[in-house]
K.L.:
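Here it is, the structure in full.
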Amino acid sequence: MSELFSNENIFINQKVGTQNEAIEKAGQALVSSGAVTEAYIQAMKDREEIVTTFMGNGLAIPHGTDEAKTSVLKSGLTLIQIPEGVDWDGEEVKVVVGIAGKDGEHLDLLSQIAITFSEEENVERIVNASSAEEIKQVFEEADA
């Protein structure tokens, strides 16, 4: 899974004003990496209107609706670390993981991310990491 996290798609120490801004930033990173088309960003916002992607432990995993499958060109992940947090439907989010899965891969990815974030210690390490390598290390250890 960590191979889907390229250093260019891990954003450390970001300041994000709103949930919408966080979704746009995550979506734009997926577009820039060639994983999705521009239309996927709106699908991520649409998904959020249906059901929140807040997962607990300071984590949100915005992703597109089922109808947006055609906007996914290849599986991709992006991670935005927001140490000061951003309000996400009344919850504080410090890590946003934007996700796009090709051919059903997103379920596997969601599960691996959830496992990593189920450990308080991993969450702390990711929120306090000062490099993309440190963040990838946490996922590799959790995946082992």
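In this text the structure is predicted, and so the values were computed from the model without any measurement. Just so you know, residue 1 is the first one in the sequence shown, and it goes up from there.
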K.L.:
Could you go step by step and tell me if Gln19 and Val93 meet the side-chain contact (heavy atoms from CB on, under 4.5 Å) rule?
P.N.:
CA-CA 9 Å; Gln19 175 179 344; Val93 165; over 6 Å; no
K.L.:
Look up atom CZ in Arg125 and atom OG1 in Thr116, then write down how far apart they are to the nearest 0.5 Å.
P.N.:
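These two atoms lie 10.5 Å from each other.
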K.L.:
Let me check something: do Leu30 and Val16 share a hydrophobic cluster, defined by ILVMFWY side-chain heavy atoms less than 4.5 Å apart, either directly or through other members?
P.N.:
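In one cluster with Leu30: Val16, yes.
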K.L.:
Closest approach of Ala39 and Ser71, non-hydrogen atoms and distance?
P.N.:
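Residues Ala39 and Ser71, closest heavy atoms: CB-OG, 3.7 Å.
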K.L.:
Could you state the interatomic distance from OG (Ser131) to CD (Gln81), rounded to the nearest 0.5 Å?
P.N.:
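Reported value, rounded in 0.5 Å steps: 9.5 Å.
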K.L.:
Same cluster or not: Val95 versus Leu110, using hydrophobic residues (I, L, V, M, F, W, Y) connected whenever any side-chain heavy atoms lie under 4.5 Å apart?
P.N.:
yes
K.L.:
Roughly how far, to the nearest 0.5 Å, is the CZ atom of Phe54 from the CG atom of Leu59?
P.N.:
8.0 Å
K.L.:
Does any N or O in the side chain of Thr53 come within less than 3.5 Å of the main-chain N or O of Glu48, such that one atom is a donor and the other an acceptor?
P.N.:
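No; judged by distance alone, with no hydrogens or angles, the pair does not exist.
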K.L.:
Please check if Trp88 and Phe11 belong to a single hydrophobic cluster, counting links between Ile, Leu, Val, Met, Phe, Trp and Tyr side chain heavy atoms closer than 4.5 Å.
P.N.:
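Same cluster.
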K.L.:
So Glu133 and Asn7, do their side chains get closer than 4.5 Å, heavy atoms only?
P.N.:
yes
K.L.:
Can you tell me how far apart OG1 (Thr65) and NZ (Lys45) are? Round to the nearest 0.5 Å.
P.N.:
13.5 Å
K.L.:
Which is it for Val96 and Ile82 under the side-chain contact (heavy atoms from CB on, under 4.5 Å) test, yes or no, and what are the steps along the way?
P.N.:
CA-CA 8 Å; Val96 173; Ile82 311 165; 3.9 Å; yes
K.L.:
For Ile12 and Ala132, which heavy atoms make the closest approach, and how far apart are they?
P.N.:
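In terms of heavy atoms, the two residues are closest at CD1-N, 4.1 Å.
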K.L.:
Below 4.5 Å, heavy atoms only, C-beta onward: do Phe117 and Val138 meet side chain to side chain?
P.N.:
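They are not in contact (no side-chain heavy atoms under 4.5 Å apart), so the answer is no.
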K.L.:
Quick check on the hydrophobic clustering: are Met44 and Ile99 connected, directly or via other members, by side-chain heavy-atom contacts under 4.5 Å?
P.N.:
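Different clusters: Met44 never reaches Ile99 through Ile, Leu, Val, Met, Phe, Trp or Tyr contacts under 4.5 Å.
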K.L.:
Show the nearest heavy-atom pair for residues Ala68 and Ala43, with the distance to one decimal.
P.N.:
CB-CB, 3.3 Å
K.L.:
Mind listing the closest non-hydrogen atom pair of Tyr40 and Gly64 along with its distance?
P.N.:
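Heavy-atom minimum between the residues: OH-N, 2.8 Å.
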K.L.:
Working to the nearest 0.5 angstrom, can you tell me the gap between Ile113 CD1 and His63 NE2?
P.N.:
10.0 Å
K.L.:
The test is side-chain contact (heavy atoms from CB on, under 4.5 Å); show your working for Glu38 and Gln28 and say whether it passes.
P.N.:
CA-CA 8 Å; Glu38 283 282 338; Gln28 201 53 61; 3.5 Å; yes
K.L.:
Which atom pair, heavy atoms only, marks the closest approach of Val36 to Ala100?
P.N.:
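Looking at all heavy atoms of both residues, the shortest contact is CG1-CB, 3.4 Å.
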K.L.:
Where the side chain of Ser32 meets the backbone of Ala29, is there a donor-acceptor pair that is under 3.5 Å apart?
P.N.:
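A pair under 3.5 Å: no.
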K.L.:
Can you find a heavy atom in the side chain of Glu8 that is under 4.5 Å from one in the side chain of Ser33?
P.N.:
no
K.L.:
Linking I/L/V/M/F/W/Y whenever their side-chain heavy atoms sit closer than 4.5 Å, directly or via other members, would Val31 and Ile23 fall into one cluster?
P.N.:
yes
K.L.:
Closer than 4.0 angstrom, basic N to acidic O: yes or no for Asp66 and Arg47?
P.N.:
yes
K.L.:
Output, in order, the C-alpha distance, side-chain angles, deciding distance and verdict of side-chain contact (heavy atoms from CB on, under 4.5 Å) for Leu77 and Phe139.
P.N.:
CA-CA 12 Å; Leu77 291 171; Phe139 281 99; over 6 Å; no
K.L.:
Tell me the closest heavy-atom pair linking Ala35 and Gly76, and the distance in Å.
P.N.:
CB-CA, 4.0 Å
K.L.:
If you round to the nearest 0.5 Å, how far is CD of Glu141 from CG of Asn122?
P.N.:
7.5 Å
